[in-house]
Structure formats: structure tokens, C-alpha cells
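Structure first, commentary second.
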Amino acid sequence: MTFAIHGLPVARGIAIGRAVLVVSSRIDVAHYFIKPEQTETEIDRVRMARDAVAEELQKLQASVALMGPNDAPHELAALLEVHQMLLQDEVLTGGVKHWIVERLYNAEWALTTQLEVVARQFDEMEDEYLRERKADLEQVVERLLHRMKGTAAVLAPNPPRRKRAAENDDEQADPTTNDAFDAPLVLIAHDLSPADMLQFKKSVFAGFVTDVGGRTSHTAIVARSMDIPAVVGARSASQLVRQDDWVIIDGDSGVMIVDPSPIILAEYGFKQRQGDLERGRLSRLRHKPAVTLDGQRVELLANIEMPEDSIGAVKAGAVGVGLFRSEFLFMGREAQRMTRLPDEEEQYQAYKRAVEGMQGMPVTIRTIDVGADKPLDGKSVRDDAHLNPALGLRAIRWSLADPAMFLTQLRAILRAAAHGEIHLLIPMLAHVSEIRQTLSLVDFARAELDNRGVVHGNVKVGAMIEIPAAALTLKTFLKYFDFLSIGTNDLIQYTLAIDRADESVAHLYDPAHPAVLRLVADTIAECRRQGKGVSVCGEMAGDVVFTRLLLGLGLRSFSMHPSQILAVKQEVLRADTTKLEAWAQGVLEAEDPAAALVR
Ligand code: PEP
Ligand code: MG
């Protein structure tokens, strides 16, 4: 039966494919594809874990048998017996094998996927006793996952080749005729950490949907950087969709259609082809300089998460990197069996790769910004519901709380600056004391390298304006820094007191709120007055709805995901800033700027 689920649109386009459910479990499990030749190893890992858990349960059963009825109630023995049965059940083990062999999921992913499949069967049972066995099954799977910890294989560098939706043959109106392996895959999850998302970035999903999240949550940002249709905040999507269901993701309107009828499939197949044509048209702008009708040069920079993203940035026509979110080098390392934090050499090599990838164009490296919705280990911060992590130890606060870690990063960046133009960007500053401390640590890192006789380069140092307090004390910021970069994602969150990752208040997360626009406008104006560089690197910079307004406010440097560059360039090429200035001031004064923007 066809039905639709509504959420928030994150990344444009249409994806049609089979659902891959990624189930959240109480244990943090890694999800990655293995190489075909690793299937036996993964099956063995499950088998060994199963044998170990069976032995563990046998020992428990034996000790229970020795206890008297007062110490060990009869139910306990029965429960252990049930766990043994579930552990050996062919539905569980056979299913796990299926996901490993047919889908090349790693063992943990296969196990949690099969758990979800079987748990749903339990949910549908009439008999209450049997329905309650679901909890036992979950416990058995958790025991297995615990046993498998530390035995994970190394990630497959090249995940199995699958078609992305856009790669379907044009004439193939009904993609559901693809065989199961060849069909594009669409990722559905309750929640995904940015670290998990990064794992999936290396794979070939055609689209993705989560139950939770806001449009500028970091998970959504990584999804956008994958340039595949995505919807977040789809509430119960992961409950309603089953493994392997055919789904359509409409990233333009934020809708997912489950089990589409042939007519709906044909309609979306048409939309998909229209989108591909539009992309083709835009790609002709790649080598055109971004200059407005009145001759104003505009710098279109890329936001990247990993050094290798620089390749896509160059391809998209970026003239530099305006934001390298370096924290992604620090995330998801446990799943890859790497050291908890990257050391100086590893970071240096990564920054150097980004610089080299940009072929002489400048790279702005933002120092680590973990915390809030970007935990290091992929564990959801939602677990700490009593705290507000967005207001906690995040970004520069985290760095200043761990100077050794921060100095390591600073040294690595300064060393990489010997290979090309690097700008150092500091996130989430608000206090002059933080500014002074940060800058003295930069000096200290430089002195350390001098003392060690290590080659390093000069960097311009800039600050992100993403807390209203910073936007209201620009004079201080401009006294200390060479340039500013406006992080509108957080500036909106902190100005409006709306958690950017919380879908339940997403309707109030408003980039066009007059207070937000005022802070953005004042920052641009003050930088221009003082002749300092200013750019916007939040999602607003890549949203074509705001291009003309930002140009009218005097912005000449925009940083965004490579996939957004050409659409923004098209707006720039059509703009006449002499006409936009007065209009932009009018939008600023409007009671409802969003309405004024479209006029
Ligand atoms: C921002 O806050 O706008 C920004 C670019 O930084 P991040 O999205 O990584 O918090
Ligand atoms: Mg930010």
C-alpha cells in the first residue's frame, strides 16, 4: 500500500530505491560495508560470538541449577533456556548471514538489522507471552554485540559498487525492475550521528531519511555534502518502513513515499530526469567566473569535511575552501580501530592533503568543533537530556579546556601552512579572554615548532561569528582577527534559542528572522568599513533564496557545500548589486523579511 511520510527537506533531488534500515541499538555499533572476500570472516565473527555467549549462558544455567528455589526462582532458569533457544534460532542466524552475504554489511550491522526484522514479527504476534520475548531477543543480541567488540574488521576502502539513483538508465521508467543487488539503496534511520554519516559518505546510498534532526543539524549537513536527496525530521519513518521496501525520497519537498504505485513511480522518474537535466545545464557554469552584472567579483568557496572533499570542491569550481570542519578527522575513530585522537603527524598529513587538493587555492581550516550534536564517539548527546550540550563544552571551549590537544592541532595546521595558503578559523568565541587565550596558544604552538626547528608557514587568523554576543562586540573581534566568518547555523540557533538539531521546533528555526538578518548585516557592514575580509559559511550561504540579499548587504565571499556552488553562481551572474543595496535595506527593515525576500 502506497503512503507518504513528511519531514524537512535537506538536500535536493529525487531518489528511488530500496530501504536499508539502520537500527539504533543501546550499544553503539559501527555500520560499514565489507569487501566480498571478507564475508566469511564476518560470519565467523558472529559464529564465535554466538559460541561464546552460548557458553556464558550454559555457565549461568549451571550455577542457577545449583542454587535453591529461594536464591534463584524457577523463572530465571526458564529465561536462560529461552535465551539459549533464541541464540540458536535459525531465523536470527540465517538472517544475519543473509545481510552479510547479500548486502555486504559488517557483522554488527547485519545483527541489528536482523534484530529489527524479527522484533517486528514479535510485535505483530497475538500472544502476549510471545510478544514479550522481543525484550529477550534484544538482550541476546546485546550479548552478541558485546562479544564482538574489538574484533571488527578494517573498513573496506572501496565499498561495493551500486548504482545511485541518478545513474539509472534514463529510459528505465520503473527502477523496481532492477534486481535486489543492483537496486539503489536508500538509508532510513531513527537518528544518525555525524560520525556515522561520515561512514556512509564513503558508500553509495542514493538517498537518506531520519526520524529526527533539523535542517542544519550536523547529520543533515553531512548528508547535504553527499549531494544525495535527503529528508530529516520524518518522525516515525524508521518505524513505518521495512527493510527492502521500495521508497521514493523527494528532497525538494521533504517527503518520502513508501511502496509507490507505478503511476507515482513514473511521475517521480520524470522529476528525477528533469533534475538531472537542470544539473547538466548548471554544470556549464563551472568555469565561468562569479561576477555580477555590474562587475562585482564574488568568491564562491567550499565547505568540506575531509581532505578528499577538496577534489569535489575543485570540480565544482570553488576558488578555495572557506570552511574545513576539521572535527570530522577526530570522529568515528573507534569504529575504524584508530587511536582516540589523531596525532600531530596524522593531522598534518590530512591538512597537507587538503591544501594540495586545492591546487594552490586557499584553505580555511576551522579548529575542532566537537560537542553539541557532534559527539566524538558517535553516541547520541540526546542521552544527556538533563544538560544542554549546545550551550556546553563545545568548539573553542573544548579546545581551551584541553590545551595539549589544541596545541597539537595548531602545530599540525601551522606545519601544513608551509605547503600552501592556510587560514586558521576559530569557532564559537564570545569572550575577549577566550580570544586572548586562543591567540597566545597560536603563538605558543609557533614557538614550539621554532624550538624544534620544524618548518611551518604563516596563517591568517579569523574568528567565526556564531554567537550573538560576538556579533554585538565586533570591534573587539576586529581588533584581534584578520578576518571573520559568519556561522549562520549557530547564529540562528543561539539568537532564536532554537536547537538546530531538534525537529520539534524546526518550524521556528528561521534564517530570515529580522534579528538574525540584523546581526548578519551589521557584521558584514563593520568588516567592510574596516577593510577586513568577511564571509558567510553557514547553510545560508548555499541557499539561493538568500544570495541576492547577502549580495545587497555587501557580502562578496560565500562558503558552501560544493554541490550548491553552481546554483549560487547562477544567482550571482544574474544579480546587479547597484539595484540590490536599497532593496536589501528594505528587507532588513521589514516586519516579515521572508515575505519581502520573495517580492
Ligand atoms: C555555522 O554554525 O554556521 C557553521 C558553519 O558551523 P557548524 O555548522 O559546523 O556549527
Ligand atoms: Mg557553528
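Atoms within each ligand, like the ligands themselves, are counted from 1 in listed order. As a basis for the values below, the full set of heavy atoms in this structure was taken, side chains included, without hydrogen atoms, waters or symmetry mates.
Put simply, the side chain of Arg397 reaches to within 4.5 Å of the side chain of Glu434, judged on heavy atoms. Side-chain atoms of Pro511 and Glu539, non-hydrogen and from C-beta on, never get closer than 4.5 Å to each other.
Asp227 has a carboxylate O that lies under 4.0 Å from a charged side-chain N of Arg279, or vice versa, which qualifies the two as a salt bridge. A salt bridge links Glu327 to Arg366: at least one charged side-chain nitrogen sits closer than 4.0 Å to a carboxylate oxygen.
Within the coordination shell of the Mg ion (ligand 2), defined by N, O or S atoms under 2.8 Å, Asp369 is absent.
When you scan the N, O or S atoms of Glu466 for the one nearest the Mg ion (ligand 2), you land on OE1. Among heteroatoms of the N, O or S kind in Asp490, OD2 lies nearest the Mg ion (ligand 2).
One side chain, Glu526 or Gln530, offers a donor N or O that lies under 3.5 Å from an acceptor on the other. Side-chain N/O atoms of Gln349 and Glu345 include a donor and acceptor closer than 3.5 Å. Using modelled atom types and a 3.5 Å distance limit, the side chains of Tyr348 and His419 yield a donor-acceptor pair.
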N/O pairs closer than 3.5 Å, ligand 1 and protein:
{"residue": "ligand 1", "atom": "2 (O)", "partner": "Glu466", "partner atom": "OE1", "Å": "2.9"}
{"residue": "ligand 1", "atom": "2 (O)", "partner": "Asp490", "partner atom": "N", "Å": "3.0"}
{"residue": "ligand 1", "atom": "2 (O)", "partner": "Asp490", "partner atom": "OD2", "Å": "3.0"}
{"residue": "ligand 1", "atom": "3 (O)", "partner": "Gly487", "partner atom": "O", "Å": "3.3"}
{"residue": "ligand 1", "atom": "3 (O)", "partner": "Thr488", "partner atom": "N", "Å": "3.1"}
{"residue": "ligand 1", "atom": "3 (O)", "partner": "Asn489", "partner atom": "N", "Å": "2.8"}
{"residue": "ligand 1", "atom": "3 (O)", "partner": "Asn489", "partner atom": "ND2", "Å": "3.3"}
{"residue": "ligand 1", "atom": "6 (O)", "partner": "Arg366", "partner atom": "NH1", "Å": "2.9"}
{"residue": "ligand 1", "atom": "8 (O)", "partner": "His218", "partner atom": "NE2", "Å": "3.3"}
{"residue": "ligand 1", "atom": "8 (O)", "partner": "Arg325", "partner atom": "NH2", "Å": "2.8"}
{"residue": "ligand 1", "atom": "8 (O)", "partner": "Asn489", "partner atom": "ND2", "Å": "3.0"}
{"residue": "ligand 1", "atom": "8 (O)", "partner": "Arg500", "partner atom": "NH2", "Å": "2.7"}
{"residue": "ligand 1", "atom": "9 (O)", "partner": "His218", "partner atom": "NE2", "Å": "2.9"}
{"residue": "ligand 1", "atom": "9 (O)", "partner": "Arg325", "partner atom": "NE", "Å": "2.8"}
{"residue": "ligand 1", "atom": "9 (O)", "partner": "Arg325", "partner atom": "NH2", "Å": "3.4"}
{"residue": "ligand 1", "atom": "9 (O)", "partner": "Arg366", "partner atom": "NH1", "Å": "3.2"}
{"residue": "ligand 1", "atom": "9 (O)", "partner": "Arg366", "partner atom": "NH2", "Å": "2.8"}
{"residue": "ligand 1", "atom": "9 (O)", "partner": "Lys374", "partner atom": "NZ", "Å": "3.4"}
{"residue": "ligand 1", "atom": "10 (O)", "partner": "His218", "partner atom": "NE2", "Å": "3.2"}
{"residue": "ligand 1", "atom": "10 (O)", "partner": "Arg394", "partner atom": "NH2", "Å": "3.1"}
{"residue": "ligand 1", "atom": "10 (O)", "partner": "Asp490", "partner atom": "OD2", "Å": "2.9"}
{"residue": "ligand 1", "atom": "10 (O)", "partner": "Arg500", "partner atom": "NH1", "Å": "2.9"}

